[in-house]
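Residue numbers start from 1 in every chain, and the chains themselves are labelled A, B, ... in the order their sequence lines are given, proteins ahead of strands.
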Amino acid sequence: MIDIRLLRDNPDAVRASQTARGEDTSVVDAALAAEARRRSSLADFESLRAEQKAMGKQVAQASGEEKAALIGRTKELADQVKAHQATANEAEAELDELLYRIPNIVEGAPAGGEDDFITLKTVGTPRDFAAEGLTPRDHLDLGEALGAIDTQRGAKVSGSRFYFLTGVGARLELALLNAAVDLATAAGFTPMITPTLVTPDTMRGTGFLGEHADEVYHLERDDLYLVGTSEVALAGYHGDEIIDLSAGPKRYAGWSACYRREAGSHGKDVRGIIRVHQFHKVEMFSYCRPEDAEAEHQRLLDWEEQMLAAVDLPYRVIDTAAGDLGTSAARKFDCEAWLPSQERYLELTSTSNCTTFQARRLNVRARTENGTQTVATLNGTLGTTRWLVAILENHQQADGSVRVPEGLRPYLGGLEVLEPVR
RNA sequence: GGAGACGUCGCAUAGUCUGGUCUAGUGCGCCACCCUGCUAAGGUGGUAACGGGGCAACCCGUUCGCGGGUUCAAAUCCCGCCGUCUCCGCCA
């Protein structure tokens with residue numbers, strides 16, 4: 001939720017943000033009008049309520065006929081109070097509904113849609129397979145030969161977009177995620193294993209029940225949602241709290257399964273484990289003061305790049321365009337690794353600066369010199385199942401084996417090469 | 001699944017039976033000042049959040065787990081929900 005004061009003081013900034021995202025600006029005026037209605041109706045209610053309370057005190061002290069007369073008068077007042085309270089509540093709900101439809105204010109992201117990103121840098125050079133006289137095999141070919149990935153049985157057991165990681169595949173994922181947890185721990189993050197089922201309030205607070213509600217699994221009988229990322233649980237972690245940021249940002253590294261319905265992506269990335277309904281992820285999450293958020297965003301990006309370096313992948317960093325930002329994000333950087341089999345870049349990490357947007361709805365504040373202040377939240381990826389795709393493809397060798405990147409070897413008992421089993 | 005107890009301003013607790021004197025008391029902690037040659041102890045005052053108004057001092061409203069209801073008036077009475085704990089049952 002955006003800051004109502006910003007809307008009031010500088011509606012043009014909100015309009016500009018909406019325009020950059022390619023979204024409707026009329027909601028801004030509607031929200032302004034609702035805010036004015038809320039304030040006036042609230043003022044009406046409050047003055048009546050004050051009067052009622054004052055008279056209540058007289059009633060308490062009076063007795064006999066005097067009391068009966070007073071009660072007669074206060075009855076009428078009580079009805080008025082009730083009516084005005086109802087009006088004020090309606091105005092409040094109306095404003096809330098409108099505010100909820102305004103995504104976070106864009107901060108520095110390029111305007112436009114999905115294709116209008118800016119490439120900030122490119123790191124490493126994609127292998128020249130042609131020069132090596134090789135046609136790169138895709139991750140599923142490799143994974144099946146290594147006995148690492150089984151999508152056939154995944155589909156048999158759970159349907160399309162499900163898979164088994166088997167043998168060395170399972171070990172490789174654990175190695176990657178453990179390396180991510182270790183990197184995060186060394187950087188001062190608190191490792192966390194989080195709930196993957198959350199309440200509607202938690203899900204709504206993180207902004208995932210807006211436009212992207214279709215992406216989220218919902219358990220009807222229990223009214224719980226399966227999270228698409230541990231960001232959800234970590235954002236809710238300090239919900240309704242006043243936290244202490246005097247010693248710097250609070251940083252958590254969440255390890256969890258993630259669930260996505262992938263509605264609307266039929267026919268896209270159907271092969272292998274690029275786009276699946278369930279995967280694992282280590283996610284960085286940071287609570288910090290709003291004035292520190294931009295610098296923290298850079299730090300998260302830096303840790304992501306350290307992780308990519310550890311698995312030795314060529315990648316580029318892009319500054320996502322406004323129209324491609326999530327509801328909660330003010331700015332987003334993605335790291336995309338080169339995918340040899342498709343000769344394109346594939347998103348491996350994504351770090352968002354949500355400024356105060358999530359924290360406002362979740363009611364997370366910090367104490368400052370002048371009272372409390374809504375904090376900023378940020379998140380970023382340190383490792384996911386999808387990384388295996390890029391690791392297998394980029395480190396494949398002519399004989400079908402796969403070189404284990406240096407950074408993962410300690411997590412695989414020193415194993416240097418994954419050998420085909422057939 | 002069954003039964004019971006509980007949920008109050010950072011923590012602990014009073015208040016709920018018997019609605020108005022609750023502007024929610026007290027202790028601890030914390031902050032400021034005072035006193036005391038150190039330390040300990042003591043004294044005085046302050047110490048929730050959110051919203052609205054005001055240059056400001058300050059004023060008003062909301063919040064006693066959440067949501068409804070009764071009433072002129074609800075921390076207090078009624079209903080529903082959530083959470084915590086204890087016991088029983090069932091299952092691993």
Side-chain angles (χ1 to χ4, degrees), chain A residues 1-9 11 31-100 102 194-195 197-205 209 218-225 232-233 236-247 250 287 289-290 356-376:
Chain A
M1 189 163 59
I2 64 163
D3 189 348
I4 184 75
R5 268 163 298 200
L6 176 75
L7 182 78
R8 216 153 60 192
D9 299 344
L32 277 170
E35 152 68 359
R37 274 198 299 281
R38 179 190 73 113
R39 261 196 296 172
S40 75
S41 62
L42 196 62
D44 287 350
F45 159 69
E46 286 185 353
S47 62
L48 276 168
R49 177 67 176 151
E51 197 183 331
Q52 182 188 32
K53 283 174 78 165
M55 287 190 79
K57 274 183 191 139
Q58 291 179 39
V59 172
Q61 279 160 9
S63 57
E65 272 177 43
E66 195 191 352
K67 185 164 190 165
L70 275 171
I71 285 175
R73 263 185 279 159
T74 49
K75 266 184 181 159
E76 195 186 332
L77 192 55
D79 288 341
Q80 286 180 38
V81 167
K82 213 162 253 182
H84 280 83
Q85 181 165 35
T87 308
N89 285 347
E90 272 169 42
E92 175 99 48
E94 199 183 335
L95 174 63
D96 257 8
E97 201 267 323
L98 286 163
L99 276 183
Y100 189 58
I102 302 176
T194 63
L197 284 167
V198 300
T199 61
D201 277 349
T202 304
M203 200 46 118
R204 204 177 354 250
L209 286 188
H218 180 224
L219 300 186
E220 198 79 36
R221 284 184 67 173
D222 303 285
D223 198 16
L224 289 170
Y225 291 89
V232 176
Y237 187 68
H238 283 304
D240 290 321
E241 291 183 22
I242 297 173
I243 59 175
D244 183 6
L245 292 180
S246 59
K250 277 191 179 294
Y287 294 87
R289 293 180 160 217
T356 56
F357 189 88
Q358 276 182 336
R360 185 164 295 106
R361 185 159 283 271
L362 290 164
N363 193 23
V364 186
R365 289 159 294 159
R367 228 173 266 293
T368 70
E369 307 73 43
N370 329 304
T372 63
Q373 176 190 44
T374 301
V375 304

| Is the closest basic N to carboxylate O distance between A:Arg204 and A:Asp201 below 4.0 Å? | yes

| query | Checking all strands, does A:Arg360 fall into the base, sugar-phosphate, or nothing category for heavy-atom contacts under 4.0 angstrom? | reply | nothing

| said: Taking only side-chain N and O atoms of A:Lys82, does any of them lie within less than 4.0 angstrom of OP1 or OP2 on B:A73? | reply: no

| request: Using the six-membered ring wherever Trp is involved, compare the ring planes of A:Tyr225 and A:His218 and label them parallel, tilted or perpendicular (cut-offs 30° and 60°). | output: parallel

| request: Would you classify A:Ala78 as touching base, sugar-phosphate or nothing, given that sugar-phosphate means primed atoms plus P, OP1 and OP2, and contacts are heavy atoms under 4.0 Å? | output: sugar-phosphate

| query | Separation of A:Asp223 atom CG from B:C82 atom P, in whole Å? | reply | 11 Å

| Can you tell me if CZ on A:Phe45 sees more than 12 non-hydrogen neighbours from other groups inside 6.0 Å? | yes

| request: Quick one: look up who B:A92 pairs with, Watson-Crick or G-U, both distances under 3.5 Å, and put none if it's unpaired. | output: none

| query | Quantified in whole Å, what is the P atom distance between nucleotide B:U44 and nucleotide B:U62? | reply | 34 Å

| request: Decide yes or no for A:Val375 and A:His238: does some side-chain heavy atom of the first lie under 4.5 Å from some side-chain heavy atom of the second? | output: no

| Over how many whole Å does the gap from A:Ile242 atom CD1 to B:C11 atom P extend? | 11 Å

| Options B:U62, B:C50, B:C72, nucleotide nearest the side-chain atoms of A:Lys53 | B:U62

| said: What's the gap between B:C30 and B:C66 when it is taken at their C1' atoms, as a whole Å value? | reply: 30 Å

| request: Please give the nucleotide sitting opposite B:G29 as a Watson-Crick or G-U wobble pair, both distances under 3.5 Å, or none. | output: B:U47

| task | Rounded off to whole Å, could you give me the CG-to-P distance for the A:Leu70 and B:C72 pair? | result | 14 Å

| task | Determine the interatomic distance between C1' on B:C79 and the same-named atom on B:C87; round to the nearest Å. | result | 27 Å

| field | Distance between P atoms of B:C85 and B:C31 (Å, rounded) | value | 33 Å

| Given A:Leu209 and A:Tyr100, is the side-chain contact (heavy atoms from CB on, under 4.5 Å) satisfied, shown in steps? | CA-CA 10 Å; A:Leu209 286 188; A:Tyr100 189 58; 3.9 Å; yes

| remark: From CZ of A:Phe45 across to P of B:C50 the rounded distance in Å is 19 Å

| task | May I have the distance from A:Glu51 (atom CD) to B:C72 (atom C1'), rounded to whole angstrom? | result | 13 Å

| note | Any strand, both distances under 3.5 Å, Watson-Crick or G-U wobble: B:A41 pairs with none

| task | Calculate the interatomic distance between A:Asn89 atom CG and B:G51 atom P; express it in whole Å. | result | 17 Å

| Does OP1 or OP2 of B:G51 have a side-chain N or O of A:Arg38 closer than 4.0 Å? | no

| field | Partner nucleotide, any strand, of B:G4 [Watson-Crick/G-U, under 3.5 Å] | value | B:C85

| remark: Between A:Arg365 and A:Ile71, the residue closer to the 5' end of RNA chain B by nearest nucleotide is A:Arg365

| Between A:Arg49 and A:Glu46, does at least one N-O distance fall below 4.0 Å, as a salt bridge requires? | no

| message | Work out how far the C1' atom of B:U76 is from that of B:C17, and round it to whole angstrom. | response | 10 Å

| task | Answer yes or no: is there a side-chain heavy-atom contact under 4.5 Å between A:Ile4 and A:Leu95? | result | yes

| query | Mapping A:Met55 and A:Thr74 onto RNA chain B by nearest heavy atom, which one lands closer to the 5' end? | reply | A:Met55

| query | Does the side chain of A:Gln52 get closer than 4.0 angstrom to OP1 or OP2 of B:A73 through an N or O atom? | reply | yes

| Can you check whether A:Arg39 has a side-chain N or O nearer than 4.0 Å to OP1 or OP2 of B:G51? | no

| request: Check if the side chain of A:Glu46 and the base of B:G51 share a donor-acceptor pair of N or O atoms closer than 3.5 Å. | output: yes

| said: Does B:G52 have its OP1 or OP2 closer than 4.0 Å to a side-chain nitrogen or oxygen of A:Arg5? | reply: no

| field | Integer-rounded Å distance: B:C50 P and A:Arg367 CZ | value | 9 Å

| field | Pair partner, B:A14 [Watson-Crick or wobble, under 3.5 Å] | value | none

| message | Please report the distance separating the P of B:A75 from the corresponding atom of B:G25, rounded so that it comes out in whole Å. | response | 14 Å

| request: Please determine, for B:G20, whether a Watson-Crick or G-U wobble partner exists with both distances under 3.5 Å, and give it or none. | output: B:C72

| query | What distance, rounded to whole Å, do you find between the two P atoms, one in B:U36 and one in B:U23? | reply | 41 Å

| task | For the side chain of A:Thr372, starting at C-beta, report the closest nucleotide among B:C60, B:A49, B:A74. | result | B:A49

| query | Does the side-chain contact (heavy atoms from CB on, under 4.5 Å) test come out yes or no for A:Leu99 and A:Leu7, once each step is laid out? | reply | CA-CA 9 Å; A:Leu99 276 183; A:Leu7 182 78; 4.2 Å; yes

| Nearest-Å distance for atom pair CG/C1', residues A:Asn363 and B:A49 | 9 Å

| said: Between B:C81 and B:G27, how far apart are the two P atoms, rounded to whole Å? | reply: 40 Å

